[in-house]
Amino acid sequence: MHTLSAIGMLGLLIVVHELGHFLMARILGIKVSRFAIGFGPILWKVMLGKTEYSLRLLPFGGFVGFPEDDPDSGVDKNDPDLLANRPVVERAMVVAAGPLVNLIAPLFILATLFAIGGMPQTLNEPGVVILKVAKAGGAEVAGLRKKDVILRMADGPVSMPQEFSMRMGSISANQPVELQVSRDGRILVLQVTPDNQGKIGVVLAANAKTIYRQGTNPGELLMASVEGYGRIAAMTFESLGMLARGEAGIEDLAGPVGIVAVAAEASAARSLDLILIAALVSFNLGIFNLLPLPALDGFHLGCFALEAVRGKPLKENVLKAISNAGLVALMGLLVVLVAMDTLRLLEG
């Protein structure tokens, strides 16, 4: 049930994205021939007016089709209501509308979440919690596990992940360190040995719990939504920065399967957390689609900017070749991410 809810959430965000393109085209009076959710074979379709609406087999995507892109449409290529014949600014507005809706939506999603479930308030507790233990690292050898809370090192209590890392880094390589650990209500004392870089192979987070309280007025709700939006934006840009600096690689990315798995786990822990995941995924979809990569909206916006500067568009055959190559690369990346997500799930 939680997995189906997560898939539904991801599908809804894709609908929102494509709806942005579709509605902007409609507002500008541009003809639209197809509105599809998903890719591949058609599962269901209906014709309303001159637009075909369809649901397709592969749910992780979608598209808005225009008559000039369909060789069988029989449309007059000089029709002023075709997207291709509109000024570059209007074409850019249609393309930008999809990611823009995804970027705006988290504000409303967060406001809805806080109005229904209350505004989050973080309460810090002693120690740092282990989120992940690397295989064959010092932590695993010492017997540390995911969800353990490290309360103390030999030289005193631990309160923040950065503090723990700095203190561990100051210890000589291969010198055992005594840790006091809380696990399922029990206190354990374990000895862990850092490597020559002062690392023991763990991902840590502050040991905090979140409580929820109802807001007292609309202004407080708005401020909480804006603050939550800022945190989502900061997390997203920090992740992009890590990728750009080489501090994270493809193994740290999540594809559709990984997103669904995380969303399902969050939903199982607290049903309203699925709404929070939706806000995060929506913002990431918006930013991802604005990247200047072939087949993404950002690439087309870059082409429009170049056209505005040059006074003429790039040759159609060149654009198609680049877009097709980009689409193949994007599908290849999607396959790799799905495979990696699946392997991670199988590994538990």
Side-chain angles (χ1 to χ4, degrees), residues 2 6 120-211 231-232 234-236 238-239 241-243 247-254 257-270 273-274 276-277 280 340-348:
H2 296 299
Q121 183 175 344
T122 301
L123 299 179
N124 291 316
E125 298 187 340
V128 292
V129 63
I130 297 177
L131 301 181
K132 182 178 179 180
V133 179
K135 289 187 176 180
E140 186 181 63
V141 172
L144 287 166
R145 301 177 188 173
K146 181 179 177 180
K147 297 184 179 180
D148 280 353
V149 177
I150 301 174
L151 298 173
R152 299 179 62 89
M153 294 176 64
D155 56 348
V158 178
S159 58
M160 293 297 292
Q162 297 89 340
E163 170 206 358
F164 178 85
S165 298
M166 289 177 61
R167 285 163 62 182
M168 189 63 71
S170 67
I171 296 168
S172 301
N174 301 318
Q175 178 182 334
V177 182
E178 189 174 274
L179 301 179
Q180 186 183 86
V181 177
S182 172
R183 178 186 299 164
D184 299 327
R186 296 178 295 136
I187 301 297
L188 308 175
V189 176
L190 303 174
Q191 282 198 336
V192 62
T193 303
D195 61 18
N196 54 14
Q197 294 181 322
K199 299 183 182 300
I200 62 172
V202 290
V203 176
L204 301 172
N207 185 26
K209 69 177 181 180
T210 303
I211 62 172
R231 287 193 292 272
I232 286 174
M235 288 170 57
T236 302
E238 175 60 24
S239 298
M242 291 175 67
L243 285 169
E247 296 172 6
I250 190 171
E251 68 277 3
D252 298 302
L253 299 176
V257 174
I259 294 171
V260 168
V262 170
E265 185 176 352
S267 178
R270 179 175 180 262
D273 282 352
L274 183 62
L276 179 60
I277 296 293
L280 179 62
M340 289 172 54
D341 290 341
T342 304
L343 285 174
R344 280 195 283 257
L345 287 176
L346 291 175
E347 290 173 354

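- Every residue meeting the salt bridge (Lys or Arg N to Asp or Glu O under 4.0 Å) condition with Glu163, not counting sequence neighbours, appears here in chain and number order: Arg167.
- Taking 4.5 Å as the limit, some side-chain heavy atom of Leu151 sits within range of a side-chain heavy atom of Ile187.
- Two residues are said to be in side-chain contact when any heavy atoms from C-beta on lie closer than 4.5 Å; Asn207 and Asn124 fail this criterion.
- Closest heavy-atom contact between Pro126 and Val149: O-CG1, 3.7 Å.
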Which side-chain N or O atoms in residues 189-201 pair as donor and acceptor under 3.5 Å with protein atoms at least two apart or in another chain?
| residue | atom | partner | partner atom | Å |
| --- | --- | --- | --- | --- |
| Asp195 | OD1 | Gln197 | N | 2.8 |
| Asp195 | OD1 | Gly198 | N | 3.1 |
| Asp195 | OD1 | Lys199 | N | 2.9 |

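- Residue Val177 comes nearest to Met168 through the heavy atom pair CG2-SD, 4.0 Å, listed as atom of the first residue, atom of the second, then distance.
- Atom OG of residue Ser182 and atom NZ of residue Lys147 lie 13.5 Å apart, to the nearest 0.5 angstrom.
- To the nearest 0.5 Å, atoms CG (Leu188) and CD1 (Ile150) are separated by 11.5 Å.
- With sequence neighbours left out, the side-chain hydrogen bond (donor to acceptor under 3.5 Å, both in side chains) criterion links Thr236 to Asn284.
- Considering only residues two or more places apart in sequence or on other chains, Ala205 meets the side-chain contact (heavy atoms from CB on, under 4.5 Å) condition with Val129, Leu131.
- Partners of Glu125 under the salt bridge (Lys or Arg N to Asp or Glu O under 4.0 Å) rule, at least two apart in sequence or in another chain, are Lys209.
- Taking the side-chain hydrogen bond (donor to acceptor under 3.5 Å, both in side chains) definition, one finds that Asp148 meets it with Arg183, sequence neighbours left out.
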ask   = side-chain contact (heavy atoms from CB on, under 4.5 Å) between Leu144 and Leu179: does it pass, once the steps are laid out?
value = CA-CA 10 Å; Leu144 287 166; Leu179 301 179; 4.1 Å; yes
